Amino acid sequence: LIIDYGQDATNELTFRAFKDHEQVNPLEDLGLCDLTADVSFRDLKRSIRDISGVTAHGPITQSSFLTLMGIGERFKQLYSVVPEERQDAIIHAHNFLCSPEEMGDRFKVMCLTRSSDPVPFCFESSSGQQATS
């Protein structure tokens, strides 16, 4: 599984810098910022297309992946057993992971399998396919 923020297809530069949780000019405060770039899942698929016997599935959104993996049921279970003063933290964590405005749509999930393996159930509707251009 590959889980990261990125796009299936993009032609824009995604290189950027963050300092104190704010996006900043990457050329200012050199050495004091976190530098990052989005994963190009399209390019990742291209990079494995010549690997015989490997199939790429996805990407799908993190929200879709976690939903299919049962995060809703896990949320309900945790919420029901934590002390009342921790319930807001459980709600916040779930929303942060799954909300489209947070990590839910920004992060993507892609799966690489042997071509002979069945399609992982989370990726059945994502038209898993041999990695191509």
Side-chain angles (χ1 to χ4, degrees):
L1 284 178
I2 300 164
I3 304 173
D4 211 334
Y5 52 92
Q7 303 300 321
D8 195 20
T10 184
N11 292 322
E12 36 182 274
L13 279 177
T14 63
F15 178 70
R16 57 198 178 279
F18 290 89
K19 183 177 180 183
D20 300 323
H21 304 285
E22 299 289 328
Q23 191 167 340
V24 297
N25 183 328
L27 301 178
E28 293 178 12
D29 292 329
L30 294 174
L32 301 175
C33 301
D34 292 325
L35 304 177
T36 188
D38 289 4
V39 170
S40 170
F41 287 96
R42 177 189 62 198
D43 292 343
L44 187 55
K45 287 182 203 178
R46 285 180 183 164
S47 72
I48 65 156
R49 71 175 167 217
D50 294 329
I51 302 173
S52 178
V54 176
T55 301
H57 306 278
I60 61 175
T61 66
Q62 176 174 283
S63 179
S64 295
F65 177 77
L66 292 174
T67 299
L68 290 165
M69 292 298 291
I71 196 170
E73 291 78 12
R74 181 67 175 148
F75 165 79
K76 290 175 192 171
Q77 188 272 334
L78 285 174
Y79 188 85
S80 71
V81 299
V82 299
E84 188 173 328
E85 64 270 10
R86 299 271 305 136
Q87 289 178 340
D88 281 347
I90 299 296
I91 292 168
H92 174 74
H94 177 272
N95 290 342
F96 187 71
L97 290 171
C98 295
S99 170
E101 294 79 28
E102 298 288 347
M103 295 173 66
D105 284 356
R106 292 179 187 162
F107 276 64
K108 307 291 187 285
V109 181
M110 189 165 91
C111 181
L112 304 180
T113 65
R114 291 182 298 240
S115 297
S116 59
D117 288 347
V119 175
F121 80 94
C122 289
F123 298 91
E124 288 174 344
S125 65
S126 72
S127 67
Q129 56 193 7
Q130 179 70 28
T132 60
S133 61

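These numbers come from a predicted model, not from an experiment.
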Quiz item: Could you state the interatomic distance from CZ (R114) to OG (S52), rounded to the nearest 0.5 Å?
Solution: 13.0 Å
Practice problem: Determine, using the 4.5 Å side-chain heavy-atom cutoff (strictly less than), whether M103 and F65 are members of one ILVMFWY cluster. | Solution: yes
Result block: side-chain N/O donor-acceptor pairs under 3.5 angstrom for residues 66-78, not counting sequence neighbours:
unit_1: T67; atom_1: OG1; unit_2: S63; atom_2: O; d: 2.8
unit_1: R74; atom_1: NH1; unit_2: Q77; atom_2: OE1; d: 2.5

Exercise. Determine, stepwise, if the pair V109 / T61 fulfils side chain to side chain contact (heavy atoms under 4.5 Å, CB included).
Key: CA-CA 6 Å; V109 181; T61 66; over 6 Å; no
Quiz item: Would a hydrophobic clustering, with Ile, Leu, Val, Met, Phe, Trp and Tyr connected at side-chain separations under 4.5 Å, put F96 with Y79?
Solution: no
Practice problem: Answer yes if L97 and I91 sit in the same cluster of Ile, Leu, Val, Met, Phe, Trp and Tyr residues linked by side chain heavy atoms under 4.5 Å apart, and no otherwise. | Solution: no
Exercise. To the nearest 0.5 angstrom, please state how far the NZ atom of K45 sits from the CD1 atom of I2.
Key: 11.0 Å
Quiz item: Can you name the side chain to side chain donor-acceptor pair (under 3.5 Å) partners of D34, sequence neighbours left out?
Solution: none
Could you list the donor-acceptor pairs under 3.5 angstrom formed by side chains in residues 20-30, with sequence neighbours left out?
unit_1: N25; atom_1: OD1; unit_2: L27; atom_2: N; d: 2.8
unit_1: D29; atom_1: OD2; unit_2: K19; atom_2: NZ; d: 3.1

Quiz item: Say you draw a straight line from CG of D4 to CG of D38; how long is it, rounded to the nearest 0.5 Å?
Solution: 8.0 Å
Quiz item: Transitive ILVMFWY cluster of F15 at side-chain heavy atoms under 4.5 Å: who else is in it?
Solution: L35
Quiz item: Would you say the side chain of L112 lies within less than 4.5 Å of the side chain of M110, judging by non-hydrogen atoms?
Solution: yes
Quiz item: Within the distance-only criterion (no hydrogens, no angle test), does the side chain of R86 pair as donor or acceptor with the backbone N or O of E84 below 3.5 angstrom?
Solution: no
Practice problem: Just grab all the side chain to side chain donor-acceptor pair (under 3.5 Å) pairs involving residues 94-109, residues at least two apart or on different chains. | Solution: S99-E101
Quiz item: Counting N and O atoms only, with roles assigned by atom type, does the side chain of T14 sit under 3.5 Å from a partner on the main chain of A37, one being a donor and the other an acceptor?
Solution: no
Quiz item: Residues in side chain to side chain donor-acceptor pair (under 3.5 Å) with T113, at least two apart?
Solution: H57
Self-check item: Same cluster (ILVMFWY, side-chain, under 4.5 Å), F18 and F107
Solution: no
